[in-house]
Amino acid sequence: MTSRRTRDRLIARLREQGVEDDRVLDVVRDTPRHIFIDEALSHRAYEDTALPIGFNQTISQPYSVARMTELLLAEGPLHNVLEVGTGSGYQTAVLAQLVDQVFSVERIKPLQDKARKRLQLLKLRNVQLMHSDGGMGWPAKAPFDGILVTAAPEEVPAELLAQLTVGGRLIIPVGARQQELKLIVRTGEDSFDTRVVEAAKFVPLLSGTVR
Ligand code: SAH
């Protein structure tokens with residue numbers, strides 16, 4: 001189930017769906033997704049599908065992880081990235097291998113605790129986690145060159161826009177029933193460029209925290 005062949009098949013599928021960045025595809029192939037999933041489901045770890053991780057949440061589909069990471073890195077290397085919605089920690093682990101520093105926030109404490117253990121197991125030391133409502137961003141660590149949101153708000157939170165550097169990129173699914181994946185680039189102090197990339201399907205961004 002974790003064989004090279006199974007993982008290569010996943011990478012081939014991501015390429016077929018239009019993911020092109022070899023750095024991203026190499027990291028996805030080399031990151032053990034099965035350790036981010038409960039044992040009962042881990043035989044499905046290399047299928048291109050979201051899977052339940054408890055608390056009504058899911059580990060993102062590999063396609064979404066690869067696509068969003070590729071969009072984030074498209075204009076060159078990034079120094080610091082904020083992820084909203086750590087969940088299993090899988091997207092966090094992929095990012096940590098491609099940018100200097102990852103800051104990731106999660107509102108459900110038990111999910112964050114598990115994610116932390118997995119990231120330690122993989123010896124990814126350039127990651128900092130915080131238990132909080134990520135709709136507020138992470139003001140103390142801002143501004144960020146990149147922000148990646150893995151849960152969908154109905155509208156783009158103003159706090160996240162405010163925490164981008166000029167030139168910084170925000171990748172975010174937006175919408176209630178019908179979601180769109182958006183790429184927003186801060187082009188100046190008060191100017192933003194928004195592009196709709198494709199349709200998306202993520203769990204909702206919720207406010208408040210769970211202990
Ligand atoms: N990147 C994760 C995706 C998990 S699903 C993975 O690959 O496993 C989205 C996550 O966002 C869930 O864990 C959910 O609890 C979290 N989330 C939702 N609203 C949030 C908020 N306001 N702040 C922080 N995390 C939030």
Side-chain angles (χ1 to χ4, degrees), residues 10 14 19 24 27-28 31-38 41-42 44-72 81-99 102-119 121-122 124 127-142 144 146-161 163 170-176 179 181 200-211:
L10 172 62
L14 299 181
V19 179
V24 174
V27 167
V28 170
T31 303
R33 189 167 183 257
H34 61 277
I35 73 164
F36 292 88
I37 298 170
D38 287 340
L41 282 172
S42 62
R44 302 188 56 193
Y46 299 95
E47 292 177 19
D48 186 24
T49 181
L51 293 166
I53 54 172
F55 301 88
N56 265 324
Q57 305 303 321
T58 53
I59 181 172
S60 301
Q61 183 184 358
Y63 170 76
S64 303
V65 171
R67 186 81 181 109
M68 290 167 89
T69 307
E70 172 176 78
L71 287 164
L72 203 66
V81 171
L82 171 69
E83 178 192 28
V84 177
T86 315
S88 67
Y90 176 63
Q91 168 80 72
T92 324
V94 168
L95 277 176
Q97 296 170 76
L98 290 161
V99 307
V102 181
F103 299 91
S104 184
V105 296
E106 170 56 54
R107 65 184 286 278
I108 301 176
K109 186 73 165 67
L111 288 180
Q112 187 200 37
D113 291 342
K114 278 197 197 179
R116 189 186 302 282
K117 292 207 182 94
R118 294 164 176 146
L119 295 164
L121 190 71
L122 295 181
L124 294 169
V127 177
Q128 290 183 46
L129 303 180
M130 179 168 68
H131 177 227
S132 74
D133 177 351
M136 308 292 165
W138 191 332
K141 304 292 181 185
F144 301 98
I147 301 179
L148 196 157
V149 184
T150 70
E154 291 189 20
E155 301 206 7
V156 178
E159 289 84 351
L160 298 184
L161 294 172
Q163 289 176 28
L170 167 63
I171 317 281
I172 184 167
V174 186
Q179 296 170 11
L181 184 64
K201 193 159 187 283
F202 283 82
V203 296
L205 188 83
L206 302 173
S207 55
T209 58
V210 178
R211 269 268 140 215

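Residue numbers start at 1 and run along the sequence shown. Whatever order the structure lists them in is the order used to number ligands and atoms, beginning at 1. Just so you know, these numbers come straight off a predicted model, no measurement behind them. No hydrogens, no waters, no symmetry mates; every other heavy atom, side chains included, goes into these values.
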For this session: Say whether, by atom type as modelled, one donor and one acceptor occur between the side chain of H131 and the main chain of P110 under 3.5 angstrom.
Result: no
Exercise. Within the distance-only criterion (no hydrogens, no angle test), does the side chain of R107 pair as donor or acceptor with the backbone N or O of S207 below 3.5 angstrom?
Worked result: yes
Seminar exercise, completed: Smallest heavy-atom separation, G146 atom then L72 atom, equals CA-CD1, 4.1 Å
For this session: Give yes if a backbone or side-chain nitrogen or oxygen of L206 is under 3.5 Å from a nitrogen or oxygen of ligand 1, and no if not.
Result: yes
Exercise. To the nearest 0.1 Å, how far is atom 25 (N) of ligand 1 from its closest protein heavy atom, and which atom is that?
Worked result: R107 N, 3.4 Å
Exercise. P153: heavy atom below 4.0 Å from ligand 1, yes or no?
Worked result: no
Exercise. Regarding T86 and Q112, is there a side-chain donor-to-acceptor distance under 3.5 Å anywhere?
Worked result: no
Exercise. Counting each atom of ligand 1 from 1 as listed, which ones have a heavy atom of P204 under 4.0 Å away?
Worked result: 18 (C)
Exercise. Would K141 and Q128 satisfy side-chain contact (heavy atoms from CB on, under 4.5 Å), going step by step from the backbone distance to the final call?
Worked result: CA-CA 10 Å; K141 304 292 181 185; Q128 290 183 46; 3.5 Å; yes
Problem set entry | S88/Q57 under side chain to side chain donor-acceptor pair (under 3.5 Å): CA gap, chis, key distance, verdict | CA-CA 9 Å; S88 67; Q57 305 303 321; over 6 Å; no
For this session: Heavy-atom contacts with A151 under 4.0 Å: which atoms of ligand 1 show up? List them by number with element.
Result: 11 (O), 18 (C)
Seminar exercise, completed: closest protein heavy atom to atom 14 (C) of ligand 1 is Q57 OE1, 3.4 Å
Seminar exercise, completed: Closest to atom 9 (C) of ligand 1 among protein heavy atoms sits T150 O, 3.4 Å
Exercise. For S132, is the nearest heavy atom under 4.0 Å from an atom of ligand 1?
Worked result: yes
Problem set entry | Gap between atom CD1 of I147 and atom CD of E159 - 0.5 Å precision | 10.5 Å
Exercise. Within the structure, does Y90 bring an N/O atom to less than 3.5 angstrom of an N/O atom in ligand 1?
Worked result: no
Problem set entry | Non-hydrogen atoms of T150 and F202 that approach each other most closely | O-CD2, 3.2 Å
Problem set entry | T86 touching ligand 1 at heavy-atom level, < 4.0 angstrom | yes
Exercise. In Å and rounded to the nearest 0.5 Å, what is the OG1 to CD distance from T31 to Q97?
Worked result: 4.0 Å
Seminar exercise, completed: The protein heavy atom nearest to atom 7 (O) of ligand 1 is S60 N, 3.2 Å
For this session: Would you mind running through ligand 1 and noting each atom that sits below 4.0 Å from a heavy atom of E83?
Result: 1 (N)
Problem set entry | Inter-residue atom distance I37.CD1 - L51.CG, 0.5 Å rounding | 5.0 Å
Exercise. Backbone or side chain, does any N or O of D133 fall under 3.5 Å from an N or O of ligand 1?
Worked result: yes
For this session: Write out the residue and atom name of the closest protein heavy atom to atom 5 (S) of ligand 1, then the distance separating them to 0.1 Å.
Result: T58 O, 3.1 Å
Exercise. Counting both backbone and side chain atoms, is some N or O of G85 under 3.5 Å from an N or O of ligand 1?
Worked result: yes
Exercise. Any salt bridge between K117 and D113, counting N to O under 4.0 Å?
Worked result: no
Exercise. What heavy-atom pair brings L181 and P173 nearest, and what distance separates the two atoms?
Worked result: CD1-N, 3.9 Å
Seminar exercise, completed: The atoms of ligand 1 lying under 4.0 Å from a heavy atom of L111, numbered in the order shown, are 13 (O)
Exercise. Going by distance only, is there an N or O of G134 that falls short of 3.5 Å from an N or O of ligand 1?
Worked result: yes
Seminar exercise, completed: Here the atoms of ligand 1 under 4.0 Å from any heavy atom belonging to V203 are 5 (S), 9 (C)
Exercise. Got a second to check how far W138's CH2 is from L160's CG, nearest 0.5 Å?
Worked result: 14.0 Å
Problem set entry | Element-labelled atoms of ligand 1 that are located less than 4.0 Å from some non-hydrogen atom of Q91 | 1 (N), 7 (O)
Seminar exercise, completed: The option among G87, P157, S88 carrying the non-hydrogen atom nearest to atom 8 (O) of ligand 1 is S88
Exercise. By number and element, which atoms of ligand 1 are closer than 4.0 Å to a non-hydrogen atom of I108?
Worked result: 15 (O)
For this session: Tell me which protein heavy atom sits closest to atom 16 (C) of ligand 1, plus the residue, atom name and distance to 0.1 Å.
Result: E106 OE1, 3.3 Å
